[in-house]
Structure formats: C-alpha cells, structure tokens
Amino acid sequence: MSDETAVPTDAEARLLVHRAGRTPVYAYSRSALRDAVARVRAASPADAGLYYSLKANPYPGVVNALAPLVDGFDVCSPAEMETALNAGTPPEKVLFTGPAKSRAEAAAALAAGVAVTVESPRQAVLFAEVARGLGVTGLGVIRLNMAYPARTPGAAPSPNQFGVAEEDLAEVIGVLRASPLSVHGLQLFWGSQYSDPEVVLATRKEVTERARECAERFGLSLGLVSIGGGIAMPWRDRDPAVDWARLSEAADALPAEGGRLPLVCEYGRSVAGPAGSLLTTVLDTKTIGDRRYVVVDAGMNDVLLASRLLSGGDRGELRVRVVGGAGRPTVPRVHVTGPLCSQLDVLAEDIELPEAEPGDLLLFAGVGAYGPSFSPGGFLSRDKVREIVF
Ligand SMILES: Cc1ncc(COP(=O)(O)O)c(C=O)c1O
C-alpha cells in the first residue's frame, strides 16, 4: 500500500457504510484531500498556482472540500463548470478545457465569465462569434499542441489531437486579438501518470521555456501559463511509488527559469486518488476448481479501473482488504468479482485475502480518482454507486 493513501480504519469503514445507508459507496477523506494538496504543492514549482481537474472526480462534496485549498479548477463541461462555480470559485479561476466546445458550451462558458481553452483556428472563430453575439469579453487560453513525452526511456512521444498546431498559432492569436477575447493564457498540458520524476521535471522545464518563447515572439502579456501536472497515482500493488522527495527538492528551480510567467499546475489523480476508498459488501462466496470467488456488490460499472477491460490479465491489483479480516486465516487464489453478467467484472484476480463471508465489507483503497464518473454506470441499469465525504 502506498503510504500516501489514506485509508479508513475498520471502525470508520463500518460507520461510513451506516452513514451512506448502503454499499457500494465511495468515501472520500477530507483530511486526505488536504494532505494530497499539500504534497503536490510541495512537489510543484514554488509560486505556481494549483488547479484541480474535475475530470478526476467531479463529486460536489470533493470539489467543495478542495475549493479553499486550491487556486482554481479545470472543467470540461457546463455541469463541471457549475460545480466549480457553486463551490464559490471566482469565474476567472475556472478554466473550461476540451478540444471541441460546441456553440452552446462556448456560450455557457463566456456567459459565466470563465476562461476557455482555444484549440484550433475554427474554435477561435467560434468563441469570437459567440462573444460578439453575447456582447461580452472573454479570457482565451491557447492550448499548444505537444506530443506527450514517453513514460519509459527510449519510447516514442505520443502525438495527440489536443491544442493548436505550431503552424496555426499566429492565425489563432490573430483571430483572438481581433475579437472580444483576450489572449489571457497558454496551456501546455503534456499527459498523465508519469512516475519517473526526471520526466516530470524535464517536461515542466521544456514547456515553461516554450511558453516564454511564445510569449516573447507574439508579445503576449499573460495572466496564466498552465504547465500541466503529470504526476502519477500508484493505484495498483505493482505501480512504482512517486518520488515526492525528488520532486519537492527540485521544485524551487523552475520559478527562476519561468521568469515572471504566472505558472499554474493542473492535477487530478494525485489529488483525488489517495483520498478515496470504495466499500463493498460480500454477497456470496463459492469455490470452483482451485479458485475461491468472493462476489461483491460493486462492479466495474462502479470502478472500471479495477476491471479486466482496462487491466488485462497480468495486471497488478488494486489494494483491497477485508474489513475486520485481520487475524483470520488467509485464502489463496481469491478472485473478487462483481454483480454484473460479464466476464470482465473481476475486481481482483488471484490474490491472497483473509477469509471473507457474505455480509463482510471489502475496502478498495486509493480509488478516489476516475471512479464513478469514469465507469460505465449505465450498464445493466443498476443503482448509482453512493459517494460521501468524511
Ligand atoms: C487538460 C488536462 N488537465 C488535467 C488533467 C488531469 O490529469 P491527472 O489526472 O493526470 O492529474 C488532464 C487529464 O487528462 C487533462 O487532460
């Protein structure tokens, strides 16, 4: 278990289930969110603002808990935007991102006064038209396209569809300058789940230099330069731990390199991930051949990250324990499976687990990011998983 993951005790877990009224339930720890924000701040360039990305976990209780701790929010839809604004965030501290906003989404964002990423010449024209139509000004943040760096040495960077191509940059800036939107910022997001601190540090430096070069070339006076986040969340027993000490010791170097740029880092998983646990009740157990099946009421419709669909066979497992299971005999070859009629609905494969019986609670730790909102909740039309903050 990674030491940054905050896990409820057995007694807390039982009370949380009573409070929720049923399982499955995601329980997010307020103090763990606070700790995570402090951890990623220390591992970010000094003076950089910290934005939380609702895509990792848009639950309003989580967003409200984070609002006083972070400097702004990255949102991807009008609904996420409303959640961020309802948490009391000033509109200019909300950044509406995404590669293709519809006319209605552009209007919602501009009417609310939030900053918007602009990801192509056509999107720039759309924002300009919509702002003129509404009679409002706007804060444009140009996302620059960049291939995401390789996660492992020697692998190729990953090209992607996001942001403005270098050859379109002058056109986008021209459209915005002739429009009611200002060129308020640049966004240079470069990917997720990097556990090698040297990749994180080198990429931050590279994108900061690119932002400064771009600002100088076009004479931009910027209010925001988002240099991504990228720090991994070790979900699985095999995932490498994040070297927080290395990131923190190097964090002070960047402000000097960034000059006077108003840097912001965007994080999702490393903030919400460690703070969430999923509690699920054992409904049945059975032995078939040499396998012990422990069948629980949470499925991949609640926690897609655990399923075979994402992980494949040789996958490493989410961290799971039996609440009250300490001291019980251990059973080998346990497969924790969900309630869905799908062979993919396997939440842990071939693990050792203390003996579990119907009525027992299982606790999956460190699953606060990309949980319910990232899972196929519509599958089999089952009840939605509950969520609470404690
Ligand atoms: C633009 C942007 N910002 C922030 C994030 C959050 O990233 P993470 O969960 O890796 O911290 C993402 C993830 O896809 C993203 O695309």
Side-chain angles (χ1 to χ4, degrees), residues 2-5 33 35-53 55-57 66 69-72 74 95 97 143-160 162-163 185-214 224-236 238-259 261-275 316 366 368-370:
S2 111
D3 53 7
E4 72 243 23
T5 301
L33 288 169
D35 291 349
V37 170
R39 200 161 41 235
V40 295
R41 253 194 212 286
S44 303
D47 299 337
L50 194 152
Y51 274 32
Y52 169 70
S53 297
K55 57 173 70 65
N57 185 331
L66 287 172
L69 308 174
V70 301
D71 302 299
D74 152 36
L95 178 59
T97 66
R143 179 162 179 176
L144 304 180
N145 177 262
M146 59 173 293
Y148 292 175
R151 289 210 177 76
T152 47
S158 170
N160 58 72
F162 303 113
L186 299 174
Q187 187 194 43
L188 297 98
F189 188 81
W190 45 269
S192 293
Q193 198 62 15
Y194 290 89
S195 36
D196 181 344
E198 303 314 323
V199 176
V200 173
L201 295 169
T203 313
R204 268 185 197 161
K205 191 168 170 216
E206 182 195 324
V207 300
T208 304
E209 280 168 7
R210 186 162 167 215
R212 193 178 36 198
E213 182 277 317
C214 178
L224 175 142
V225 174
S226 172
I227 55 168
I231 299 178
M233 163 70 206
W235 266 287
R236 298 173 191 285
R238 301 187 182 165
D239 290 341
V242 173
D243 189 346
W244 294 104
R246 170 75 186 118
L247 289 173
S248 300
E249 119 207 332
D252 285 343
L254 204 58
E257 288 156 7
L261 294 179
L263 301 181
V264 157
C265 290
E266 290 175 40
Y267 297 104
R269 68 195 63 204
S270 52
V271 169
Y370 303 101

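Nothing here was measured: the structure is a model prediction, and the numbers come from that model.
With hydrogens and angles disregarded, a donor-acceptor distance shorter than 3.5 Å links the side chain of Tyr52 to the backbone of Asn57. For the pair Asp196 (side chain) and Arg151 (backbone), a donor-acceptor distance under 3.5 Å is absent. Panel note: side chain Asp71, backbone Leu50; a donor-acceptor pair is recorded below 3.5 Å.
Closest heavy-atom contact between Asp74 and Tyr51: N-CD2, 4.3 Å. For Met233 against Gly366, the heavy-atom pair with the smallest separation is CE-O, 3.3 Å. Of all non-hydrogen atoms in Ser44 and Arg204, the two that sit nearest each other are CA-NH2, 3.8 Å. Shown here for Leu144 and Leu188, the closest heavy-atom pair between the two residues is CD1-CD2, 3.7 Å. For Leu261 against Thr208, the heavy-atom pair with the smallest separation is CD1-O, 3.9 Å. For the pair Val37 and Leu69, the tightest heavy-atom approach, listed with the atom from each and the gap, is CG1-O, 3.6 Å.
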Step-by-step side chain to side chain contact (heavy atoms under 4.5 Å, CB included) determination, Ser270 to Val242: CA-CA 10 Å; Ser270 52; Val242 173; over 6 Å; no

Begin with the C-alpha distance, continue with both residues' side-chain angles, and end with the deciding distance and a verdict on side chain to side chain contact (heavy atoms under 4.5 Å, CB included) for Val200 and Trp190. CA-CA 9 Å; Val200 173; Trp190 45 269; 4.1 Å; yes

Begin with the C-alpha distance, continue with both residues' side-chain angles, and end with the deciding distance and a verdict on side chain to side chain contact (heavy atoms under 4.5 Å, CB included) for Thr97 and Lys55. CA-CA 10 Å; Thr97 66; Lys55 57 173 70 65; 4.2 Å; yes

Worked verdict on Met146 versus Phe162 for side chain to side chain contact (heavy atoms under 4.5 Å, CB included): CA-CA 8 Å; Met146 59 173 293; Phe162 303 113; over 6 Å; no

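Of the inter-residue distances, the one linking Tyr267 atom OH with Arg41 atom CZ reads 10.0 Å to the nearest 0.5 angstrom. Rounding to the nearest 0.5 angstrom, the gap separating the CZ atom in Arg246 from the CG atom in Leu201 is 5.5 Å. Here the CD1-OG distance, from Ile231 to Ser192, works out to 11.0 Å after rounding to the nearest 0.5 Å. Note: Gln187 CD to Ile227 CD1 = 11.5 Å, rounded to the nearest 0.5 Å.
Between Pro45 and Cys265 there is a side-chain heavy-atom pair separated by less than 4.5 Å. Looking only at side-chain heavy atoms (C-beta outward), Arg39 and Pro274 come within less than 4.5 Å of each other.
Arg269 and Gln193 share a side-chain donor-acceptor pair at under 3.5 Å. Checked by atom type, the side-chain pair Thr203/Tyr194 shows no donor-acceptor distance below 3.5 Å.
The aromatic rings of Phe189 and Tyr148 lie perpendicular to each other, with more than 60° between the two planes, well past the 30° mark.
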